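Given the structure is predicted, the values throughout are model-derived calculations rather than measurements. So that the names make sense, note that chain A is the first sequence line, chain B the second, and so on, each numbered from 1.
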Protein chains: 2
Amino acid sequence: MDVEFDELKALDIWRRAIVKSVRLDAPDLSARQMSLLLTVYLTPPPHTVRGLANLLKVSKPAITRAVNRLTGLDMVRRKPDPDDKRSVLIQRTVRGSVFLREFGDLIVTAAKEESSSRDDVLPQRY
Amino acid sequence: MDVEFDELKALDIWRRAIVKSVRLDAPDLSARQMSLLLTVYLTPPPHTVRGLANLLKVSKPAITRAVNRLTGLDMVRRKPDPDDKRSVLIQRTVRGSVFLREFGDLIVTAAKEESSSRDDVLPQRY
DNA sequence: ATAAATCATTTCGATATCGGAACCTTAAAG
DNA sequence: CTTTAAGGTTCCGATATCGAAATGATTTAT
């Protein structure tokens with residue numbers, strides 16, 4: 001019961017945050033892309049294609065594609081590894097930091113609102 | 001200061017949850033698709049294409065596409081509106097409920113983990 | 001009854017992503 | 001030195017999604 005209540009609350013915070021993000025016309029990132037972005041920003045470097053593929057349990061080409069997308073958005077960047085010229089380090093960017101800062105703020109705001117105002121949830125016709 | 005800390009904590013919970021979801025090979029939903037799914041499950045019906053488009057501030061064809069995807073996954077279903085034959089109601093399914101239940105559990109679990117070990121995992125700045 | 005507005009989908013050409021195999025470069029092993 | 005392994009990208013055909021305009025079906029307004 002308590003668990004179910006927590007789950008519902010958690011899901012609702014998640015909903016509020018992601019709905020706001022979509023409404024703000026943020027880049028429409030997939031779960032893979034978002035998980036990669038968050039990993040690069042919130043876990044200790046170095047981050048490599050191989051390492052991210054293992055962590056997320058997806059193929060290396062899938063990581064390459066996600067990095068391509070995020071690089072196109074200037075949210076991460078590739079840096080050749082000086083110690084192993086086969087390897088590429090995935091690093092942060094200013095834009096990525098800004099995006100995640102704002103996204104974090106959306107979550108915090110959503111958590112604070114937490115079922116106080118229901119203005120934005122009511123369907124149109126009533 | 002406190003705000004930044006909360007944001008970081010929130011982002012890290014988000015990271016843990018979404019990384020786990022990706023690792024579990026859950027459907028790779030986009031932000032739009034996830035926001036639509038959560039809205040259908042957590043806000044009061046009825047849900048229509050038009051209403052969802054207004055709520056998420058995206059075009060109606062974008063909603064149609066997202067509903068197509070989620071329908072293919074059997075996570076929502078279309079039901080013709082008996083009162084207005086132009087309209088289509090987007091409704092829940094068993095599979096969608098199960099998915100969100102599990103996803104909610106991932107968030108709750110991530111939130112519990114977070115409070116225990118954070119210093120080891122988080123970088124100094126983001 | 002006719003015209004206008006509404007709801008959702010379809011179409012269009014273009015781009016993005018899919019999984020998996022093949023590829024290239026570099027590093028390590030023999 | 002040659003061979004094998006590792007790291008990452010590119011290729012392949014196929015599918016998915018993009019925004020914008022057009023379409024079909026139904027409802028509302030004149």
Side-chain angles (χ1 to χ4, degrees), chain A residues 18 21-37 39-40 45-91 99 122-126, chain B residues 18 21-37 39-40 45-91:
Chain A
I18 200 166
S21 178
V22 170
R23 284 178 63 91
L24 289 172
D25 208 31
D28 190 32
L29 301 183
S30 69
R32 285 183 177 183
Q33 292 161 355
M34 191 64 177
S35 63
L36 193 156
L37 184 65
T39 297
V40 167
H47 301 288
T48 65
V49 172
R50 174 70 167 169
L52 292 166
N54 284 337
L55 176 66
L56 301 179
K57 282 193 171 151
V58 300
S59 69
K60 287 189 297 178
I63 299 295
T64 293
R65 286 190 294 265
V67 171
N68 287 346
R69 167 88 151 114
L70 294 171
T71 297
L73 293 169
D74 193 25
M75 287 183 168
V76 302
R77 65 192 183 94
R78 289 181 165 94
K79 179 175 185 284
D81 186 341
D83 297 339
D84 184 342
K85 294 180 180 175
R86 294 171 300 179
S87 208
V88 170
L89 305 178
I90 315 300
Q91 301 185 324
F99 172 76
L122 291 178
Q124 302 305 312
R125 304 179 292 122
Y126 255 82
Chain B
I18 200 166
S21 178
V22 170
R23 285 178 62 90
L24 289 172
D25 208 30
D28 190 32
L29 301 183
S30 69
R32 286 183 176 183
Q33 292 161 355
M34 192 64 177
S35 63
L36 192 156
L37 184 65
T39 298
V40 168
H47 301 289
T48 65
V49 172
R50 175 69 166 169
L52 291 166
N54 285 339
L55 176 66
L56 301 180
K57 284 198 168 142
V58 300
S59 69
K60 287 190 295 179
I63 298 296
T64 293
R65 286 191 293 264
V67 171
N68 287 346
R69 166 90 150 113
L70 294 171
T71 296
L73 293 170
D74 193 26
M75 288 184 168
V76 302
R77 65 192 183 94
R78 289 180 164 94
K79 180 177 185 281
D81 186 341
D83 297 338
D84 185 343
K85 293 180 181 177
R86 294 170 302 179
S87 208
V88 169
L89 304 178
I90 315 299
Q91 302 186 322

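- Taking atom CZ of R50(B) as the reference point, atom C1' of dT9(C) lies 14 Å away to the nearest angstrom.
- Once rounded to the nearest 0.5 Å, the distance linking CG of D28(B) with CZ of R69(B) reads 7.0 Å.
- Across the interface with DNA chain C, nearest-nucleotide mapping of A66(A) and P82(A) shows A66(A) to be the residue nearer the 5′ end.
- If you check every strand for non-hydrogen atoms under 4.0 Å, S30(B) touches nothing.
- Regarding I63(B), its CD1 atom lies at a distance of 14 Å from the C1' atom of dC18(D), rounded to whole Å.
- A distance-only check finds a donor-acceptor pair linking the side chain of R23(A) to the backbone of L55(B) [under 3.5 Å].
- Between the CG atom of L70(A) and the C1' atom of dA16(C) there is a distance of 13 Å, rounded to whole Å.
- Looking at every heavy atom in both residues, K79(B) comes nearest to P82(B) through NZ-CD, 4.2 Å.
- For L36(A) and dG8(D), the CG to C1' distance is 14 Å, given to the nearest whole Å.
- For the OP1/OP2 pair of dA16(C) and a distance below 4.0 Å, the side-chain nitrogens and oxygens of R65(A) include no atom meeting the criterion.
- Separation of atoms CG (L24(A)) and NZ (K57(B)) is listed at 7.5 Å; rounding is to 0.5 Å.
- Protein atom CG of L29(A) is 15 Å distant from nucleotide atom C1' of dC18(D), rounded to whole Å.
- Among the atoms of the strands shown, base atoms are found under 4.0 Å from some heavy atom of K60(B).
- Looking at every heavy atom in both residues, P46(B) comes nearest to L89(B) through CB-CD2, 3.9 Å.
- One finds no side-chain N or O of R69(A) lying less than 4.0 angstrom from the OP1 or OP2 phosphate oxygen of dA16(C).
- Not a single donor-acceptor pair, N or O on each side, falls under 3.5 Å between the base of dG8(D) and the side chain of R78(A).
- When distances run from any side-chain atom of P61(B) to the nucleotides dA21(D), dC18(D), dA8(C), the shortest one goes to dA21(D).
- Checking dG7(D), dC18(D), dT9(C) against every side-chain atom of R32(B), the shortest atom distance belongs to dC18(D).
- In this structure, S59(A) and N68(B) both approach DNA chain C, and ranking their closest nucleotides by distance from the 5' end singles out N68(B).
- Taking 3.5 Å as the limit, the base of dT6(C) and the side chain of R86(B) contain a donor-acceptor pair of atoms between them.
- The separation between D84(A) atom CG and dA28(C) atom P is 7 Å, rounded to whole Å.
- Looking at heavy-atom distances under 4.0 Å, T64(A) makes contact with a base.
- One interatomic measurement links the two molecules: CG of L73(B) to C1' of dC18(C), which rounds to 14 Å at whole-angstrom precision.
- Phosphate proximity of dT17(C) to Q33(A): present, with a side-chain N or O under 4.0 Å from OP1 or OP2.
- Between I90(A) and the choices T39(A), V40(A), T71(A), the side-chain contact (heavy atoms from CB on, under 4.5 Å) rule is met once, by V40(A).
- When the C1' atom of dA8(C) is taken as reference, atom CG of D83(B) falls 17 Å away, rounded to whole Å.
- Within the nucleic acid shown, D28(A) comes within 4.0 Å of sugar-phosphate atoms alone, with no base atom in reach, counting heavy atoms only.
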